[in-house]
Amino acid sequence: MTNINLSSAARLSIAPMMDWTDRHCRYLHRLLSKRALLYTEMVTSPALVRGGARHLLRFDPAEQPVALQLGGSDPAELAKAAVIGADEGYAEINLNCGCPSDRVQSGAFGAVLMEDPALVAACCRAMIAAQPVDVTVKCRIGVDDQNVEETLPEFLSQIVAAGVERVTIHARKAWLQGLSPKENRDVPPLNYDLVFEMKQLFPHLHISINGGVSTLEQARDLLDAGLDGVMIGRAAYHNPVDILQRADAVIWGEDVGPDPVQLVLSMRAYIEAHLADDLGKMQPKLSQVTKHMLGLFAGQPGARHWRRHLSEHGHRAGAGWSVVEDALAALEQAAA
């Protein structure tokens, strides 16, 4: 990738979220913000290298800057997956060291890697050596009973020595047993102070913070306090207009994005192209795109009618652009 300043884009990024940040979601988010760094869902290195699942990497060039998040723990296999990602045109390759799900743990990657910084360093070193784009890490502050004041600096030291220059830290521990992935996003207490301490210990490392950030104003305050970036997840997905429409203005001092109605109308060509796409046995459906549009009018009069119409009709066989037009009409009628 050329002409993409990833350090600037990473001032605000949208978290990689399984089943959420697919290519349709990212295309929608990019229309709202030209600047924010977007991430794929986590894709495992075995799926790419052994399974040949390159179809998981499809994206529209309009999504750039966009980063590929990989899950894995074998340095050689991750290096091959990183090469595939770079060849596909991703601007960054990110290693997941934060997901606590049982499925991820059984594959010996995700948050369990926080217990083996030497292995993470070896993975990063291999990925960096294999291809030209930036390799980054997304991690937790620690797992289980780790003394995070000791283990997190050691973890960061090892990946920095391997050549990593940017990291995103979810400011919570992950509990590998006893908490569900959902609970791991909310139950362990946030520790922003520790992330700020890491910035002081590693002044040349680009550090983004993740966890508990739900407004642009919070994000701006964290940047003003000395962090290099902020990653927002669920708030940006459920209320994309509130976060992303103003992101370029609040974070970068640039123009505000389109209003929700303009945004919906600008999705027409993309939606019609998706519905005409030849996916083989996987018939394209309107709902694959519109499920990410449900929150566009959150908090506005008529929003419930918009959501209900898309939810009830978007998944039906043959559903097309007229469903979106009718949902807009239902919104406008309810708001009148």
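Note: L28 CG to T21 OG1 = 12.5 Å, rounded to the nearest 0.5 Å. Here the CD-SG distance, from E115 to C97, works out to 11.5 Å after rounding to the nearest 0.5 Å. Annotation: the span from D221 atom CG to L216 atom CG amounts to 11.0 Å, rounded to 0.5 Å. Note that the CZ atom of R35 and the CD atom of E254 stand 4.5 Å from one another [nearest 0.5 Å]. Here S208 contributes atom OG and I232 contributes atom CD1; the two are 11.0 Å apart, rounded to the nearest 0.5 Å. Between atom OG of residue S7 and atom CZ of residue R166 there is a gap of 5.5 Å, rounded to the nearest 0.5 Å.
Within 6.0 Å of the CD atom in Q333, the count of heavy atoms belonging to other residues, nucleotides or ligands does not exceed 12. Taking a 6.0 Å sphere around CD of E165, one finds it holds 12 or fewer heavy atoms contributed by other residues, nucleotides or ligands.
No side-chain donor-acceptor contact under 3.5 Å links S266 and Q262. A side-chain donor-acceptor contact under 3.5 Å links H24 and Y270. Between the side chains of T40 and R26, no donor-acceptor pair of N or O atoms lies under 3.5 Å.
At a threshold of 4.5 Å between side-chain heavy atoms, the hydrophobic network of Ile, Leu, Val, Met, Phe, Trp and Tyr places L56 and V83 in two separate groups. One hydrophobic cluster holds both I169 and L201 under the rule that ILVMFWY side chains link at heavy-atom gaps under 4.5 Å. Hydrophobic clustering places M18 together with L57 (ILVMFWY residues linked when any side-chain heavy atoms are closer than 4.5 Å, directly or through intermediates). At a threshold of 4.5 Å between side-chain heavy atoms, the hydrophobic network of Ile, Leu, Val, Met, Phe, Trp and Tyr places W306 and L265 in one connected group.
Checked for salt-bridge contact, E88 and R54 meet the test: a charged N lies under 4.0 Å from a carboxylate O. A salt bridge between R58 and D277 is present, with a side-chain N of the basic residue lying under 4.0 Å from a carboxylate O of the acidic one. We find that K34 and D255 are not joined by a salt bridge, their nearest charged nitrogen and carboxylate oxygen being 4.0 Å or further apart.
Side-chain atoms of R30 come within 3.5 Å of backbone atoms of S33 as a donor-acceptor pair (strictly under, hydrogens ignored). Judged by distance alone, with hydrogens and angles left aside, the side-chain atoms of Q131 form a donor-acceptor pair with the main-chain N or O of M127 at under 3.5 Å. In this structure a side-chain-to-backbone donor-acceptor pair under 3.5 Å is missing from D60 to E63. In terms of modelled atom types and a separation under 3.5 Å, the side chain of S311 and the main chain of R308 share no donor-acceptor contact. Between the side chain of R172 and the main chain of P188, a donor-acceptor pair closer than 3.5 Å is present. Checking side-chain atoms of D228 against main-chain N and O of I207 turns up a donor-acceptor pair under 3.5 Å. K173 places a side-chain N or O within 3.5 Å of a backbone atom of D144 that can act as its donor or acceptor partner. With H313 contributing its side chain and V323 its backbone, the two residues share no donor-acceptor pair below 3.5 Å. The backbone N or O of R234 lies less than 3.5 Å from no partner atom in the side chain of W20, so there is not a single donor-acceptor pair. Under the 3.5 Å distance criterion, the side-chain polar atoms of K291 are left unmatched by any main-chain donor or acceptor of L310.
No side-chain heavy atom of Y90 sits less than 4.5 Å from a side-chain heavy atom of Q69. Two residues are said to be in side-chain contact when any heavy atoms from C-beta on lie closer than 4.5 Å; Y27 and V66 fail this criterion. For the pair L222/F196, a side-chain contact is recorded, criterion being any heavy-atom separation below 4.5 Å from C-beta on. Using a 4.5 Å heavy-atom cutoff, the side chains of W321 and I271 are in contact. In this structure the side chain of P240 reaches within 4.5 angstrom of the side chain of L296, judged on heavy atoms. Contact check for M231 versus H170: no side-chain heavy atoms found under the 4.5 Å cut-off. Residues V264 and V324 form a side-chain contact, since some pair of their non-hydrogen atoms from C-beta on lies under 4.5 Å apart. Counting heavy atoms from C-beta outward, N96 and L113 have side chains that stay 4.5 Å or more apart.
Closest of all the heavy-atom pairs between V261 and D259 is N-OD1, 2.9 Å. Nearest heavy-atom pair across V230 and A219 is CG2-O, 3.6 Å. The shortest heavy-atom contact between D22 and H292 is OD1-NE2, 2.8 Å. Of all non-hydrogen atoms in C124 and V137, the two that sit nearest each other are SG-CG2, 3.6 Å. Pairing each heavy atom of L152 with each of R140, the nearest pair is CD1-O, 3.9 Å. When all heavy atoms are compared, the tightest approach of G229 to H206 is N-CE1, 4.2 Å.
Only one option out of D248, L244, V256 pairs with L32 in a side-chain contact (heavy atoms from CB on, under 4.5 Å); it is L244. Among D74, I159, L95, the single residue meeting the side-chain contact (heavy atoms from CB on, under 4.5 Å) criterion with C123 is L95.
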Might you work through the side-chain contact (heavy atoms from CB on, under 4.5 Å) test for F109 and C99, ending with a clear yes or no?
-> CA-CA 8 Å; F109 54 94; C99 180; over 6 Å; no

Would you check, one step at a time, whether the test side-chain contact (heavy atoms from CB on, under 4.5 Å) holds for N191 with V195?
-> CA-CA 7 Å; N191 189 345; V195 180; over 6 Å; no

Run the numbers on F297 and L328 for side-chain contact (heavy atoms from CB on, under 4.5 Å), then give the verdict.
-> CA-CA 10 Å; F297 298 94; L328 268 182; 3.9 Å; yes

Chi angles and distances behind the side-chain contact (heavy atoms from CB on, under 4.5 Å) call for L78, I93 = CA-CA 10 Å; L78 279 166; I93 309 295; over 6 Å; no

